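Everything numeric in this text was worked out from a predicted model, so none of it was measured.
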Amino acid sequence: MDKHLYFGSNLKMYKSIKETVTYLKNLCALTANISRETMTLFILPSFLSLQDASNNIDDRLCHIGAQNMAWAKEGQYTGEVSPKMLQEIGINFAMVGHSERRNIFHETDLEENQKVKMGLSCGMTVLLCVGETKQQKELGVARETIRKQLLIGLHGLNEFNITGKLLIAYEPVWSIGAEGTPASSEYAELMHSEIKSCLEELFGSRGHAIPCLYGGSVNLVNASDLIVQRDIDGLYVGRSAWDADKFNDLIRRTISAYRKFIL
Ligand code: PGA
């Protein structure tokens, strides 16, 4: 089956505004001749870089999104950034529930749910991240954890709210960052098929069609094995994407591995 492929990166709290714009311009130039009919590319820079990024980058080549957002349009929420404010500068894409938000900043599934609902009601595209910790995996509750994150995170939505507007990233917490161990492609597929069946329970066939990306220590070596898995629609890349040349190389090699696989 020929699937549309997704490649994205969260720049976390790295890169200055200037570095972000240079990186994005390079990435767009390098990947410009890859057809966007078969591939979607998105990058999530810091809040402060969003305005310059969106002014300088052609959205048809690369979607620019926020790494987080508030669950209210406005109010007494010191230090927060609302979806309305993001939209004012042309940003219509936001991630919620990254494991660093959940684990370092103690965000709960209920808060992620409020953010998902608020983003979608404002007409934004939302990327919801889910993933179990090392301890949850060792205790044998990885699937239960993911299901809970999806069931609460997507509570109150229906197949019409989400169509074309929701993406899921599965990022096992133990696989993220320099200390992380990448998940094997078999394990990642097992969890992705659990995610797809949970989404199907929630939203029927439209749920099954929600793009699900794998993230956590994706690199040049494991990217091809991951992308050929049935339920993995894309790769969510951290460190291996932060150099435009290397990310371009990873994207091209992954697409060509996938093309060979489906021949
Ligand atoms: P990593 O980051 O690829 O550097 O492990 C993944 C992420 O946090 O999205």
Peer 1: Within the structure provided, determine whether E132 and M191 are in side-chain contact (heavy-atom separation under 4.5 Å).
Peer 2: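 The answer is yes, as the side chains (C-beta and beyond) meet within the 4.5 Å cut-off.
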
Peer 1: Could you please spell out the steps behind the side chain to side chain donor-acceptor pair (under 3.5 Å) verdict for E80 and W71?
Peer 2: CA-CA 9 Å; E80 290 292 312; W71 38 260; over 6 Å; no

Peer 1: Only one of V228, D225, L226, I232 clears side chain to side chain contact (heavy atoms under 4.5 Å, CB included) with E189; which?
Peer 2: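 Going through V228, D225, L226, I232 one by one, the side chain to side chain contact (heavy atoms under 4.5 Å, CB included) with E189 is satisfied by I232 alone.
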
Peer 1: Where do D233 and I210 come nearest, in terms of heavy atoms and distance?
Peer 2: OD2-O, 3.8 Å

Peer 1: Minimum heavy-atom separation for G215 and P172, please, with both atom names.
Peer 2: O-CD, 3.5 Å

Peer 1: Would you indicate whether K117, at its atom NZ, is surrounded by more than 12 heavy atoms from other residues, nucleotides or ligands within a distance under 6.0 Å?
Peer 2: yes

Peer 1: With the 4.5 Å side-chain cut-off for hydrophobic clustering, are V173 and L190 part of the same group?
Peer 2: no

Peer 1: Does a salt bridge link D52 with K18, judged by any charged N lying under 4.0 Å from a carboxylate O?
Peer 2: no

Peer 1: Between E88 and K84, is there a side-chain N and carboxylate O pair less than 4.0 Å apart?
Peer 2: no

Peer 1: Please report the closest heavy-atom contact between S240 and V218, naming both atoms and the distance.
Peer 2: OG-O, 2.9 Å

Peer 1: What closest approach, in Å, do L250 and L220 show between heavy atoms, and which atom pair accounts for it?
Peer 2: CA-CD1, 3.5 Å

Peer 1: Could you check whether any side-chain heavy atom of R259 comes within less than 4.5 Å of a side-chain heavy atom of I255, counting everything from C-beta outward?
Peer 2: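 Result yes, sub-4.5 Å side-chain heavy-atom pair found.
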
Peer 1: Testing the basics here: between I64 and L50, what is the closest heavy-atom pair and its distance to 0.1 Å?
Peer 2: CG2-CD2, 3.7 Å

Peer 1: Between the main-chain N or O of S175 and the side-chain N or O of S217, is there a donor-acceptor pair closer than 3.5 Å?
Peer 2: yes

Peer 1: Decide if atom OH of Y187 counts as having more than 12 heavy atoms of other residues, nucleotides or ligands within a radius under 6.0 Å.
Peer 2: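 Counting neighbours around OH of Y187, more than 12 heavy atoms of other residues, nucleotides or ligands fall under 6.0 Å, so yes.
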
Peer 1: Could you tell me the separation between the OH atom of Y14 and the OG1 atom of T20, rounded to the nearest 0.5 Å?
Peer 2: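 The distance works out to 13.5 Å.
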
Peer 1: When you compare the side chain of N56 with that of L24, does any pair of heavy atoms fall below 4.5 Å?
Peer 2: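 Sidechains of N56 and L24: no contact.
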
Peer 1: Is the closest side-chain heavy-atom distance between I57 and C28 below 4.5 Å?
Peer 2: yes

Peer 1: Side-chain contact, heavy-atom cut-off 4.5 Å: L157 with F203?
Peer 2: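 Yes - at least one pair of side-chain heavy atoms lies under 4.5 Å apart.
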
Peer 1: Between the main-chain N or O of R239 and the side-chain N or O of K12, is there a donor-acceptor pair closer than 3.5 Å?
Peer 2: no

Peer 1: Has R102 got a side-chain atom pairing as donor or acceptor with E112's backbone, closer than 3.5 angstrom?
Peer 2: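 Answer holds: no.
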
Peer 1: Between I168 and L150, does the side-chain contact (heavy atoms from CB on, under 4.5 Å) criterion hold? Intermediate values first, please.
Peer 2: CA-CA 9 Å; I168 302 293; L150 290 170; 3.9 Å; yes

Peer 1: Does a salt bridge link E111 with R101, judged by any charged N lying under 4.0 Å from a carboxylate O?
Peer 2: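 Salt bridge between E111 and R101, a charged N being under 4.0 Å from a carboxylate O: no.
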
Peer 1: Between M69 and V81, is the side-chain contact (heavy atoms from CB on, under 4.5 Å) condition met? List the steps.
Peer 2: CA-CA 6 Å; M69 67 175 177; V81 175; 5.8 Å; no

Peer 1: Ignoring hydrogens and angles, tell me if any N or O in the side chain of Y23 forms a donor-acceptor pair with the backbone of K15 under 3.5 Å.
Peer 2: no

Peer 1: Ignoring hydrogens, what is the shortest heavy-atom contact between S9 and G238? Give both atom names and the distance.
Peer 2: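 Looking at all heavy atoms of both residues, the shortest contact is OG-O, 3.9 Å.
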
Peer 1: Under 4.5 Å between any side-chain heavy atoms of L41 and L61, yes or no?
Peer 2: no

Peer 1: Kindly determine whether T31 and R252 satisfy side chain to side chain donor-acceptor pair (under 3.5 Å), including the steps that lead there.
Peer 2: CA-CA 8 Å; T31 60; R252 286 181 188 276; over 6 Å; no

Peer 1: Would you say that more than 12 heavy atoms from the other residues, nucleotides or ligands in this model lie under 6.0 Å from the NE2 of H63, or not?
Peer 2: yes

Peer 1: State yes or no: do L5 and I251 share one hydrophobic cluster built from I, L, V, M, F, W and Y residues joined by side-chain heavy-atom distances below 4.5 Å, directly or via other members?
Peer 2: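 Yes, L5 connects to I251 through the hydrophobic network.
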
Peer 1: Looking at E179 and K134, is there a salt bridge between them, counting it only when a charged N and a carboxylate O are closer than 4.0 Å?
Peer 2: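 Looking at E179 together with K134, the answer is no, because their closest N to O distance does not fall below 4.0 Å.
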
Peer 1: Going from OG on S49 to CD on E19, what distance comes out if it is rounded to the nearest 0.5 angstrom?
Peer 2: 9.0 Å

Peer 1: Counting distance only, does the side-chain N/O of D231 pair as donor-acceptor with the main-chain N or O of H192 below 3.5 Å?
Peer 2: no

Peer 1: Give the C-alpha distance, both sets of side-chain angles, the deciding distance and a yes or no for side-chain contact (heavy atoms from CB on, under 4.5 Å) between I162 and L120.
Peer 2: CA-CA 7 Å; I162 51 106; L120 293 176; 4.2 Å; yes

Peer 1: Could you walk me through whether N68 and K115 satisfy the side chain to side chain donor-acceptor pair (under 3.5 Å) test, starting with their C-alpha distance in whole Å, then the side-chain angles of each, then the deciding distance to 0.1 Å, before giving a yes or no?
Peer 2: CA-CA 9 Å; N68 183 26; K115 292 181 186 196; 2.7 Å; yes

Peer 1: Among the clusters formed by ILVMFWY side chains lying less than 4.5 Å apart, do L30 and V21 turn up in the same one?
Peer 2: no

Peer 1: Apply side-chain contact (heavy atoms from CB on, under 4.5 Å) to E201 and R147, showing your working.
Peer 2: CA-CA 11 Å; E201 269 168 50; R147 282 183 64 81; 2.9 Å; yes

Peer 1: Could you walk me through whether H4 and T40 pass the side chain to side chain donor-acceptor pair (under 3.5 Å) check?
Peer 2: CA-CA 8 Å; H4 186 89; T40 294; 2.6 Å; yes

Peer 1: Let me confirm one number: the NZ-OG distance from K73 to S121, rounded to the nearest 0.5 Å.
Peer 2: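 Between atom NZ of K73 and atom OG of S121 there are 5.5 Å.
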
Peer 1: If two hydrophobic side chains count as joined below 4.5 Å and joins carry through other members, does I89 share a cluster with L48?
Peer 2: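 Unlinked, I89 and L48 end up in two clusters.
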
Peer 1: Once rounded to the nearest 0.5 Å, what's the spacing between atom CG of L199 and atom SG of C212?
Peer 2: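 Separation between the atoms: 5.5 Å.
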
Peer 1: Could you grab the distance from atom NE2 of H98 to atom CD of E171, nearest 0.5 Å is fine?
Peer 2: 4.5 Å

Peer 1: Test your reading of the model: is there a side-chain donor-acceptor pair from Q87 to the backbone of C122, 3.5 Å cut-off?
Peer 2: yes

Peer 1: Y236 pairs by ring-ring contact (aromatic ring centres under 6.0 Å, His included) with which of F247, Y6, F42?
Peer 2: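 Only match with Y236 under ring-ring contact (aromatic ring centres under 6.0 Å, His included): F42.
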
Peer 1: Between L151 and C198, is any pair of side-chain heavy atoms under 4.5 Å apart?
Peer 2: yes

Peer 1: Hey, could you give me the CG/CG distance between L44 and L127, rounded to the nearest 0.5 Å?
Peer 2: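 That separation rounds to 7.0 Å.
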
Peer 1: Any side-chain to backbone donor/acceptor pair from N113 onto G156? Under 3.5 Å, distance only.
Peer 2: no

Peer 1: Do the side chains of I176 and V96 join up, straight or via other hydrophobic residues, at under 4.5 Å, putting them in one cluster?
Peer 2: no

